[in-house]
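Contents: one structure, followed by commentary.
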Amino acid sequence: MKILSMVGRTLVRALRFLRRDKKAMVGAIIIFLLALISAFPSWFLPHDPAAEIYQPGAGVSWNHLLGTTSFGQDVFSQVIAGTRESFLIAMIVGALTTIVSVVIGLTAAYSGGLIDDGLSLLTDVVLVIPTFPLIIVITAYVKNASFWMLIFVLVFTGWSYGARQLRVQALSLRNRDYLLAARARGESGFYIVFVELLPPMTSLIVANFLSSALYAVLAASGLQFVGLGNINDQSWGTMLYWAQNNEALATGLPLWALAPGVAIAILGSGLALLNYAFDEVANPALRPVRSRLKVKATAA
Amino acid sequence: MRFLVRRLGFLLVALWAALTVNFFIPRLMPGNPAEAMMARFHGHINPASLNALKVAFGVNTHESLIHAYFSYINNTAHGRLGISLLDFPLPVSTVIMKALPWSLGLVGITTILGFLLGTTIGAIAAWRRGGVLDSVLPPVFIVVSAFPYFWIGLLAVWLFALTLGWFPLLGGYNETTAPALTWGFVGDILDHSVLPAMTILITAIGGWILTMRNNMITVVAEDYVKMARAKGLKPRRILWQYAGRNALLPNLTGFAMSLGFVISGAILVEYVFNYPGVGFMLLQAVESEDYPLMQSLFLLITVAVLVAIFLSDIATAILDPRTRSSG
């Protein structure tokens, strides 16, 4: 019951936050809409995205909102159908990366000593080795990396920045009185970490999730664009691959290549806007000047 | 000094880690993909080179893993990177040298330019809090940063090269003319670099602006800035000599982290423009399964990033006395 009321309170607070912050509101609406499209693509699909039965290279019309590909597929339907994979990659990589970051960052901060030194060094090394070239090398050997392979590689290379941030924040919390008190009471390490240490770090963890998700969308679509993903998947990145390989730009079908990019950017903007709003919550000095004044006025 | 020694030590550890990863990745892959490549090499290159390749990729050798590991590190340290398949039978190092100047020119200059421009704009935006720059830039660059780098490149190709015809479409120079050190050729190179450079600049600059703005906002509230104001110093002097210098420090450290992103983006931008640099070559190596070239390029990019990070550490040590005194 206690957990339920905690969840309830968090939800109420989140809704209040969204109503107050315009950036967060726009971000949340974007994510909600994309989640809806990913869950029920058939509600939004005017045509079969794979069917190569329409007039190839057709321009924009009511029937084909974004024209057709040179294979005669409907571009708009492909964008809709591609939403699910890109959205899922963002969410799953975001969540898994955050979990790895939390585990490594908190273990380092909480254990201290040699374990901390070792984990911190590992974190810093993974942080400075350029991720994307490494991903390219790994996926080059794997060939046509599947959905789960992409997720594994992105998580494997993407956890370090978050782990470092979380370790620093956990270190600053470590010697606070309420944590010392919990230790003096003889609480278990599990209790201390999950009930005492994690809740005050929520905003940083959420920010971490959002930036990892954004990174995952961009990196995955980049990989798919150069043909290192599974080219038969339905996703925005593979759409870009096919568009590029069939010279969509040069053959007068720019929408084929540009539409999936805009879709990626819409998902990315949603995540980035939420992230930025969270930054402003964590650091009130960053809020726009006018809204700060408004808050003051209503408080007075 | 201790700070720099420690950072140098870290540089070496990171370098060793990259070498080790490079050594083990092909060995960890199911059904060693390098074996297929080796079959294509057979009978084409001399036995010594073939053997070096076998050592590098762990194919059919009777050596122990540890022995192979050390001879691999020894070979790499001496620049013996193997033979390229893409540009057969040139050594990998020769092939890379052809691409390196292009990337150093394009990515190097745009990175430095982006950093300078971004920090300047960010500082001014924070200084005029609530002004036009401060309210317009953050949302604009949040959205820009959500676009894939390469997509901005595609847009630029379509708009400025294909539709308007202002700039050449692909490549680093006009390949019908022979490269020569003439003004015409230099102009041709510049002409070809405008679109890729602008693409990298537009996507990279946002990060610098936002972080500098956020640092600056914190710094402007510090007591010493108020003190400078109270003394009646000129605003311009406070902006650059007092607040700007201190807000820059965390940004220099952040340079290390964002550099990886810039390089990643640049790889795809080079690919979109067929720009003859390291990133485009990396993807070509992937496509033609030229593993020696691919892995050497990965190492090269890693070394470049690590050296750049070390340089930013030196700059931090010079600009911030605190790093020199504390361990």
Side-chain angles (χ1 to χ4, degrees), chain A residues 23 121-122 124-143 161 164 214-215 217-219 221-222 225-228 236-237 240 243-244 248-250 252 254 257-258 260-262 264-273 275-276 279 283 285-286 288-290, chain B residues 10 13-14 17-18 21-22 25-26 29 33-34 129-130 134-135 138-139 142-143 145-152 154-155 157-158 162-163 169 210 213-214 217-218 221 256-257 259-261 263-265 267-268 271-272 279 282-283 285-287 289 291 294-295 297-298 301-302 305-306 309:
Chain A
K23 287 193 203 89
L121 184 64
L122 179 71
D124 285 351
V125 167
V126 175
L127 189 65
V128 293
I129 290 183
T131 314
F132 197 67
L134 178 61
I135 299 177
I136 289 179
V137 169
I138 297 176
T139 43
Y141 283 117
V142 175
K143 293 215 179 74
Y161 188 64
R164 187 187 158 115
L214 173 60
Y215 161 74
V217 176
L218 295 180
S221 60
F225 170 60
V226 298
L228 286 170
W236 295 331
L240 283 162
Q244 176 78 354
L249 291 176
L258 298 183
V262 173
I264 294 168
I266 289 174
L267 171 55
S269 309
L271 296 166
L273 283 169
N275 196 7
Y276 202 74
D279 247 9
N283 184 357
L286 299 180
V289 182
R290 208 173 294 149
Chain B
F10 175 71
V13 171
V21 165
N22 219 4
I25 287 178
M29 291 300 152
R129 203 71 173 90
D134 185 48
S135 19
I142 290 169
V143 174
S145 70
F147 278 97
Y149 274 40
F150 62 88
W151 185 84
I152 306 263
L154 288 176
L155 186 66
V157 163
W158 176 67
L162 285 167
T163 309
L169 187 56
L210 290 183
R213 167 181 173 270
N214 293 0
I217 286 169
T218 323
M257 288 157 201
L259 201 64
F261 287 102
I263 304 273
S264 313
I267 290 176
L268 293 175
Y271 175 79
V272 167
L282 175 67
L283 289 169
V286 167
E287 207 172 309
E289 297 181 6
Y291 296 130
M294 176 181 88
Q295 293 207 266
L297 284 168
F298 167 66
I301 293 171
T302 308
V305 169
L306 292 178
I309 289 172

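For the numbers below, each heavy atom of this structure counts, side chains included, while hydrogens, waters and symmetry mates do not. So that the names make sense, note that chain A is the first sequence line, chain B the second, and so on, each numbered from 1.
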(request) List the atom of Val286(B), the atom of Ala140(A), and the distance in Å for their closest heavy-atom pair. (result) CG1-CB, 3.7 Å
(message) Pair Ile136(A), Phe298(B) - check side-chain contact (heavy atoms from CB on, under 4.5 Å), show working.
(response) CA-CA 9 Å; Ile136(A) 289 179; Phe298(B) 167 66; over 6 Å; no
(message) If you count heavy-atom pairs within less than 4.5 Å of chain A, which of Leu210(B), Ile25(B), Ile152(B), Leu306(B) leads?
(response) Ile25(B)
(request) Please round to the nearest 0.5 Å and tell me the distance separating atom CG of Leu240(A) and atom CG of Leu268(B). (result) 11.0 Å
(message) I'd like to check Leu297(B) versus Pro133(A) (side-chain heavy atoms, cut-off strictly below 4.5 Å). Are they in contact?
(response) no
(message) Counting C-beta onward and ignoring hydrogens, is there a side-chain heavy-atom pair between Tyr291(B) and Val137(A) closer than 4.5 Å?
(response) no
(request) Test Val272(B) against Phe225(A) for side-chain contact (heavy atoms from CB on, under 4.5 Å), laying out the working first. (result) CA-CA 10 Å; Val272(B) 167; Phe225(A) 170 60; 3.8 Å; yes
(message) Ile135(A): which residues meet the side chain to side chain contact (heavy atoms under 4.5 Å, CB included) condition with it, sequence neighbours left out?
(response) Thr131(A), Thr139(A), Val153(A), Leu154(A), Thr157(A), Tyr215(A), Leu223(A)
(message) Nearest 0.5 Å, please: how far is OG in Ser269(A) from CZ in Phe147(B)?
(response) 6.0 Å
(request) Heavy atoms only, distances under 4.5 angstrom: which of Leu267(A), Ile264(A), Leu271(A), Val217(A) has the most pairs with chain B? Name it, please. (result) Ile264(A)
(request) Before giving the answer on side-chain contact (heavy atoms from CB on, under 4.5 Å), spell out for Gln244(A) and Phe150(B) the whole-Å C-alpha distance, their side-chain angles and the decisive distance to 0.1 Å. (result) CA-CA 11 Å; Gln244(A) 176 78 354; Phe150(B) 62 88; over 6 Å; no
(request) Count the heavy-atom pairs under 4.5 Å between each of Ile129(A), Ile138(A), Leu258(A) and chain B, then report the option with the highest count. (result) Leu258(A)
(message) Counting C-beta onward and ignoring hydrogens, is there a side-chain heavy-atom pair between Trp151(B) and Pro260(A) closer than 4.5 Å?
(response) no
(request) Could you tell me which non-hydrogen atom of Pro148(B) sits nearest to which non-hydrogen atom of Gly261(A), and how far apart they are? (result) CD-O, 4.2 Å
(message) Between Leu218(A) and Tyr149(B), is the side-chain contact (heavy atoms from CB on, under 4.5 Å) condition met? List the steps.
(response) CA-CA 8 Å; Leu218(A) 295 180; Tyr149(B) 274 40; over 6 Å; no
(request) Compare all side-chain heavy atoms of Leu134(A) with those of Thr302(B) and state whether any distance is below 4.5 angstrom. (result) no
(message) Using every non-hydrogen atom in the two residues, find where Leu283(B) and Val226(A) come nearest and quote the distance to one decimal.
(response) CD1-CG1, 3.8 Å
(request) Answer with side chain, backbone, both or neither: which region of Leu155(B) has an atom nearer than 4.5 Å to a non-hydrogen atom of chain A? (result) both
(request) Under 4.5 Å, counting heavy-atom pairs only, tell me which of Leu214(A), Val126(A), Val262(A), Asn275(A) racks up the most with chain B. (result) Val262(A)
(request) Answer with side chain, backbone, both or neither: which region of Ile301(B) has an atom nearer than 4.5 Å to a non-hydrogen atom of chain A? (result) both
